[in-house]
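Every value quoted in this text rests on a predicted model; they were computed, and no experiment measured them. Note that these values count all heavy atoms, side chains included, but never hydrogens, waters or copies made by symmetry.
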Amino acid sequence: MHNRRSDALDEVFEHFLHGSNIFREREVLTHDYIPEKFPHRESEIRYLGEIVAPALRGSLHSNVLIYGKTGTGKTAVMQFVLSSLTHKAKELGSPMKVCFLNCRLSGTEYRIFSSLCNAISVRVPFTGLALAEVFDRFREGLESTKMALVVVLDEVDAIVKSRGDFLLYELTRINENLGQSKISIVGISNDLRFKEFLDPRVLSALSEEEVIFNPYNADQLRDILMDRARLAFQEGILSEGAVKLCAALVAAEHGDARRALDLLRVAGELAEREGAQSVLEEHVRRAEKRIEHDRVGEVLKSLPTHSKVVLLSVCILNRANVRHSITGDIYNVYCELCEESDIAPLTQRRVSGLINELDVIGLLNTRVVSLGRYGRTKKIHLGIPKTFIRNILCQDERFAPLFEYVPRCLTAYPTE
DNA sequence: TGTCCACTGGAACGTACGGCTT
DNA sequence: AAGCCGTACGTTCCAGTGGACA
């Protein structure tokens, strides 16, 4: 047993050490790689360059809003433009600085302001200060630097949707109180309806210029993939069919180039692992399944305990041939499962909220229905296979026995 | 036509926590 | 040490609702 295992591993390690015969440079296909060329984005690059150029003289440039769905190259293009800008600014000794922030990753207005402070070397604590205090320190710090600051807020819609537009309102007004320094804002949004969430004053200040990144079509995706593939793969390894399929599969969805690159990378990894001589269409098809499987698995594992119990409750009702369970039934089963495993149950209101969250991430599908005299509720069914949920949740020993549990409330349940 | 069910979903509030300022 | 702040997660309260049923 031991020998067999070490032989197998030995082969894996040897294979690794002798270098990949598929990849030349795998990193080229990862998300954080910024390429030198952006096929089909030349005009956007030029336009953005024209907009931010005044920063080179230390003066204000127009605020910009960039729209586009995920994987249309907004972030990468902007980073590319900014790195060229800072490079040029260094050459010229221009009094400017760039601060690139991802609002979704930062999470809160406080953290965004504190990142802005860090960008201009003002130290603020992780927490503890009033938001207004952090903002004041930022403004004072900025004023003393006497420079133009370009603030790029990536995924700005995330912060506006969850916290309102206080942050943008303050930032767009800050120039009124600055004498020596200036700040220009570039907002990047995935959501085209993002404007609806903004105060009209903020909107007009922010969208002096607008740039829209349209999704890539299959031909454009193919060009992008070919470009990267030349760097990423060994010569002659990648079949043209595989590239075409990647482009076609992704274009049929939302034209997300990031996803296309993922697909190509995973296809390459699959081919590599089985020692294939080339990356074929079949590898791409398997990669597509693998990516989806992994994504859902990760989401499931990272779910909070109560959400897992809710999901489990839906599984149990599903097992009892209740195809569309309703909130009340799920809550009953949920309470029993909590009792069974010594977890303090949450209120129905909270559970109803958890069900909504599970709906948003696609693990459940819900629909509000009215059953007339029998009230208004939600019909809920699983968004992914029961066996898959079982496989993942059973890795937690608390949940494994619960899958076999037969709830008391079910015995009285009228089957559909 | 009015009643009434079983919720939905918004809003306000409570509690715990980490970490700052004074 | 006390007071405050933002954040996360939860509870409590309650008006609103679509449609079957009497």
Identify which nucleotide among [options] has an atom closest to any side-chain atom of [X], counting heavy atoms from C-beta outward.
{"X": "R111(A)", "options": "dG9(B), dG18(C), dT7(C)", "answer": "dT7(C)"}
{"X": "L346(A)", "options": "dG10(C), dT7(C), dG16(C)", "answer": "dG10(C)"}
{"X": "Y374(A)", "options": "dA20(C), dG9(B), dG19(C)", "answer": "dA20(C)"}
{"X": "T347(A)", "options": "dC7(B), dA20(C), dT11(C)", "answer": "dT11(C)"}
{"X": "S370(A)", "options": "dT7(C), dG19(C), dT8(B)", "answer": "dG19(C)"}
{"X": "Y110(A)", "options": "dT7(C), dG10(C), dG16(C)", "answer": "dT7(C)"}
{"X": "R373(A)", "options": "dG10(C), dC21(C), dG9(B)", "answer": "dC21(C)"}
{"X": "R350(A)", "options": "dC9(C), dG18(C), dT7(C)", "answer": "dC9(C)"}

Hey, which of L116(A), L206(A), I112(A), V202(A) is the one that makes side chain to side chain contact (heavy atoms under 4.5 Å, CB included) with L171(A)?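 Per the side chain to side chain contact (heavy atoms under 4.5 Å, CB included) rule, the option paired with L171(A) is L116(A), out of L116(A), L206(A), I112(A), V202(A).
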
Short side-chain N/O contact from [X] to OP1 or OP2 of [N], under 4.0 Å:
{"X": "N356(A)", "N": "dT8(B)", "value": "no"}
{"X": "K378(A)", "N": "dG9(B)", "value": "yes"}
{"X": "T327(A)", "N": "dC7(B)", "value": "no"}

Under 4.0 Å, counting only non-hydrogen atoms across every strand here, what does Q348(A) touch: a base, just sugar-phosphate, or nothing?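 It contacts sugar-phosphate atoms only.
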
Base, sugar-phosphate, or nothing: which does R367(A) touch, judged by heavy atoms less than 4.0 Å apart?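 Since no nucleic acid heavy atom lies under 4.0 Å of R367(A), the category is nothing.
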
Atom pair NZ (K379(A)) and CG (L364(A)), whose distance is rounded to the nearest 0.5 Å: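 Those atoms lie 15.5 Å apart.
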
Distance, nearest 0.5 Å, that separates CZ of R228(A) from CG of L238(A):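 These two atoms lie 14.0 Å from each other.
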
For the residue pair I316(A) and P407(A), establish whether any side-chain heavy-atom pair is separated by less than 4.5 Å.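 The answer is yes, as the side chains (C-beta and beyond) meet within the 4.5 Å cut-off.
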
Plane angle bin for F233(A) and F23(A) - parallel if under 30°, tilted between 30 and 60°, otherwise perpendicular: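 Parallel: the ring planes of F23(A) and F233(A) meet at under 30°.
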
Specify the separation, in whole Å, of atom [atom1] of [X] and atom [atom2] of [N].
{"X": "K379(A)", "N": "dA6(B)", "atom1": "NZ", "atom2": "C1'", "result": "14 Å"}
{"X": "H306(A)", "N": "dT11(C)", "atom1": "NE2", "atom2": "P", "result": "8 Å"}
{"X": "E357(A)", "N": "dC9(C)", "atom1": "CD", "atom2": "C1'", "result": "10 Å"}

Has the side chain of R349(A) got a donor or acceptor that lies under 3.5 Å from a partner of the other kind on the base of dG9(B)?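 When only heavy-atom distances are counted, R349(A) does reach the base of dG9(B) through a donor-acceptor pair under 3.5 Å.
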
Between I380(A) and L371(A), who's closer to the 5' end of DNA chain B by nearest nucleotide?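 Nearest-nucleotide comparison on DNA chain B picks L371(A).
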
